[in-house]
Amino acid sequence: MGKALDGVRILDFTHVQSGPTCTQLLAWLGADVIKIERPGVGDITRGQLRDIPDVDSLYFTMLNHNKRSITVDSKHPKGKEVIDGLIKACDVMVENFAPGALDRMGYTWERVQELNPRMIMASVKGFGPGPYEDCKVYENVAQCAGGAASTTGFDDGPPLVTGAQIGDSGTGLHLALGIVAALYQRNTTGRGQKVLAAMQDGVLNLCRVKLRDQQRLARTGVMNEYPQYPHGTFGDAVPRAGNSSGGGQPGWILKCKGWETDPNAYIYFITQAPVWDKICEVIGKPEWITDPNYAKPDARLPRLKDIFATVEAWTMTKTKFEAMDILNKYDIPCGPILSMKEIAEEQSLRDTGTIVEVDHPKRGKYLSVGNPIKLSDSPTDVTRSPLLGEHTDEVLRDVLKFDESKVAELKGSGALTPPARKAAE
Ligand code: CAO
């Protein structure tokens, strides 16, 4: 079966997490992704957080499936010949270098357009234009500058970052959408364009509801669904909301049977208004159905703390899965707190390809997260990440159509090999 992005070729100049997330998604949708890496070194994540000596880390392998790898020194004159050729042969160039690094290599937007006016040049940067545009940025910096950290955690604790990589993977996802849109627009205009996804903007987009709350707070001075109401106080900025729901249906994380020893024996419980009567029956409080202090959502808001304590007395008698089974029978929205171990072992996620087992020639079998976006006519087959420079010869010959003597000339120039080997040559 064909793939949605069949025929799209990507020059992948990305590294670490944000950019590689984007190009991995595009590869899963069918694009031919050619990752350019520094000779001998490669993407820094190949060597970071290694669990097996001298073998590409899971950090790298899990972000670079379905790609080809070519090693080229982009600052070497002969390396530039290769990159120039790839710019001409590709539809999209994706990069997430520190601000200015691509220009220093000589690949300004003007130069790229000169080489290929149809080129879509897509970048992740930490910040958009403004006071911080020259800053290098990693995940947690973006979470802090994008509003996530100030709104995550508990009222009496410090700001918190979340384990979900909303700054890196979240921005990669935004960039992928921008690229696909630019490819679509190119069908009409015939021109490429620049696509920018700034990590601060991406995080803020995912924190949209908190900017909503900022304006509600400014107008009314209080937010009834926040845990600070009615006993605590509100300042002039959106406070940390603990485990409150971000929407109009109050929710909280409650202990389940076994919580004393299992850090994940918890369930997220939502007191959705349409099923309030059923909630009262399940937890053994049928009198709350008609009690004016509990019957209507507005009456419940100042009592949420006590309501959740009462629900918790019930959830603590059940495991999270027992509670889930019972509550689902009544259409009461809830969700177990699943550990990564439980997720890794969950058969239904394997069945859908959301968790996949991949075989790697050096590390053997490992688990990865597959494509979370399922297209019925473009199924994803996850294939292993490339070894460093595994496809250099193949790309020179098949994509750039270089003959044997040209390949030999490039190899002899040192543009494709690490400096140490250059010295030995
Ligand atoms: N050949 C020769 N040189 C190469 C090369 C190649 N194939 N690939 C990269 N380089 C060079 C770059 O040209 C750059 O050189 P100069 O700074 O001398 O011009 C150098 O490698 C390092 O690039 P960098 O500055 O991007 O890398 P860094 O490790 O110092 O910074 C990061 C990493 C992520 C902080 C920075 O790239 C960044 O801010 N990127 C944008 C935001 C982003 O994506 N952050 C998320 C990262 S994931 O957590």
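This is a predicted model, so every value here is computed, not measured.
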So which atom in [X] and which in [Y] form the shortest heavy-atom distance, rounded to 0.1 Å?
X: Ile36; Y: Leu11; result: CD1-CD2, 3.5 Å
X: Thr21; Y: Gly172; result: CB-CA, 4.4 Å
X: Leu175; Y: Cys22; result: CD2-SG, 3.8 Å
X: Ala31; Y: Ile10; result: CB-CG1, 3.8 Å
X: Val203; Y: Ala148; result: CG1-CB, 3.8 Å
X: Tyr268; Y: Ile337; result: N-CD1, 4.2 Å

Spacing of [X] atom [atom1] and [Y] atom [atom2] [to the nearest 0.5 Å]:
X: Phe97; Y: Arg104; atom1: CZ; atom2: CZ; value: 10.5 Å
X: Leu396; Y: Glu81; atom1: CG; atom2: CD; value: 11.0 Å
X: Asp51; Y: Leu58; atom1: CG; atom2: CG; value: 4.5 Å
X: Lys35; Y: Leu63; atom1: NZ; atom2: CG; value: 8.0 Å
X: Asn64; Y: Ser69; atom1: CG; atom2: OG; value: 8.5 Å
X: Thr319; Y: Lys257; atom1: OG1; atom2: NZ; value: 7.0 Å

Under a 3.5 Å distance rule, please check whether [X] uses its side chain to pair with a backbone N or O of [Y] as donor and acceptor.
X: Glu312; Y: Leu254; answer: no
X: His65; Y: Ser368; answer: no
X: Arg186; Y: Arg118; answer: yes
X: Gln214; Y: Asp236; answer: yes
X: Lys67; Y: Asp12; answer: no
X: Asp73; Y: Leu416; answer: no
X: Thr380; Y: Val382; answer: no
X: Asn66; Y: Thr383; answer: yes
X: Ser244; Y: Tyr226; answer: no
X: Arg240; Y: Gly157; answer: yes

So [Y] and [X], do their side chains get closer than 4.5 Å, heavy atoms only?
X: Val82; Y: Ile70; value: yes
X: Asp403; Y: Lys406; value: yes
X: Asp168; Y: Met199; value: yes
X: Val94; Y: Val195; value: no
X: Lys125; Y: Glu133; value: no
X: Ile326; Y: Val282; value: yes
X: Asp155; Y: Pro227; value: no
X: Gln143; Y: Ile166; value: yes

Margin query: Between Val395 and Leu86, is the side-chain contact (heavy atoms from CB on, under 4.5 Å) condition met? List the steps.
Written below: CA-CA 9 Å; Val395 169; Leu86 283 172; 3.9 Å; yes
Would you find more than 12 non-hydrogen atoms of other residues, nucleotides or ligands less than 6.0 Å from [X] atom [atom1]?
X: Tyr132; atom1: OH; answer: no
X: Phe321; atom1: CZ; answer: yes
X: Lys374; atom1: NZ; answer: yes
X: Ile343; atom1: CD1; answer: yes

Checklist line | Residues Ser339 and Asn264: side-chain donor-acceptor under 3.5 angstrom | finding: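 Note: Ser339 and Asn264 side chains miss the donor-acceptor criterion.
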Check: Where do Arg216 and Asp213 land on the salt bridge (Lys or Arg N to Asp or Glu O under 4.0 Å) test, with the steps shown first?
Finding: CA-CA 5 Å; Arg216 293 172 58 221; Asp213 289 350; 2.8 Å; yes
Checklist line | Ring geometry between Phe13 and Tyr107 (parallel below 30°, tilted from 30 to 60°, perpendicular above 60°) | finding: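 Geometry flag for Phe13 against Tyr107: tilted rings.
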Next item on the list: Classify the angle between the aromatic ring planes of His360 and Tyr366 as parallel (below 30°), tilted (30 to 60°) or perpendicular (above 60°).
Entry: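 Judged by the thresholds at 30° and 60°, the geometry between His360 and Tyr366 is perpendicular.
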Check: Salt bridge between Asp84 and Arg111, side-chain N to carboxylate O under 4.0 Å?
Finding: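 Arg111 and Asp84: salt-bridged.
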Item checked: Short N-O contact, Lys411 and Asp393, less than 4.0 angstrom ->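 Result for this pair is yes, salt bridge flagged.
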Next item on the list: Would you please test Glu37 and Thr71 for side chain to side chain donor-acceptor pair (under 3.5 Å) and show each step?
Entry: CA-CA 5 Å; Glu37 296 185 81; Thr71 50; over 6 Å; no
Notebook entry, point to check: Going through the checks in order, is the side-chain contact (heavy atoms from CB on, under 4.5 Å) test met by Thr14 and Gln24?
Noted result: CA-CA 10 Å; Thr14 69; Gln24 178 169 262; over 6 Å; no
Next item on the list: Mind running side chain to side chain donor-acceptor pair (under 3.5 Å) on Glu139 and Gln17 for me, showing each step along the way?
Entry: CA-CA 9 Å; Glu139 171 69 48; Gln17 185 183 161; 4.7 Å; no
Checklist line | Worked verdict on Asp56 versus Arg46 for salt bridge (Lys or Arg N to Asp or Glu O under 4.0 Å) | finding: CA-CA 5 Å; Asp56 286 339; Arg46 284 187 186 267; 2.7 Å; yes
Next item on the list: Give the C-alpha distance, both sets of side-chain angles, the deciding distance and a yes or no for salt bridge (Lys or Arg N to Asp or Glu O under 4.0 Å) between Lys362 and Asp54.
Entry: CA-CA 9 Å; Lys362 296 211 169 158; Asp54 303 325; over 6 Å; no
Checklist line | Residue from Asp377, Asp381, Asp32 passing side chain to side chain donor-acceptor pair (under 3.5 Å) with Lys3 | finding: Asp381
Next item on the list: Begin from the C-alpha positions of Leu338 and Glu346 and carry the test side-chain contact (heavy atoms from CB on, under 4.5 Å) through to its verdict.
Entry: CA-CA 10 Å; Leu338 293 183; Glu346 174 58 50; 5.6 Å; no
Margin query: If you apply the rule side-chain contact (heavy atoms from CB on, under 4.5 Å), what do you find for Ile34 with His391, and how did you get there?
Written below: CA-CA 9 Å; Ile34 301 169; His391 303 99; over 6 Å; no
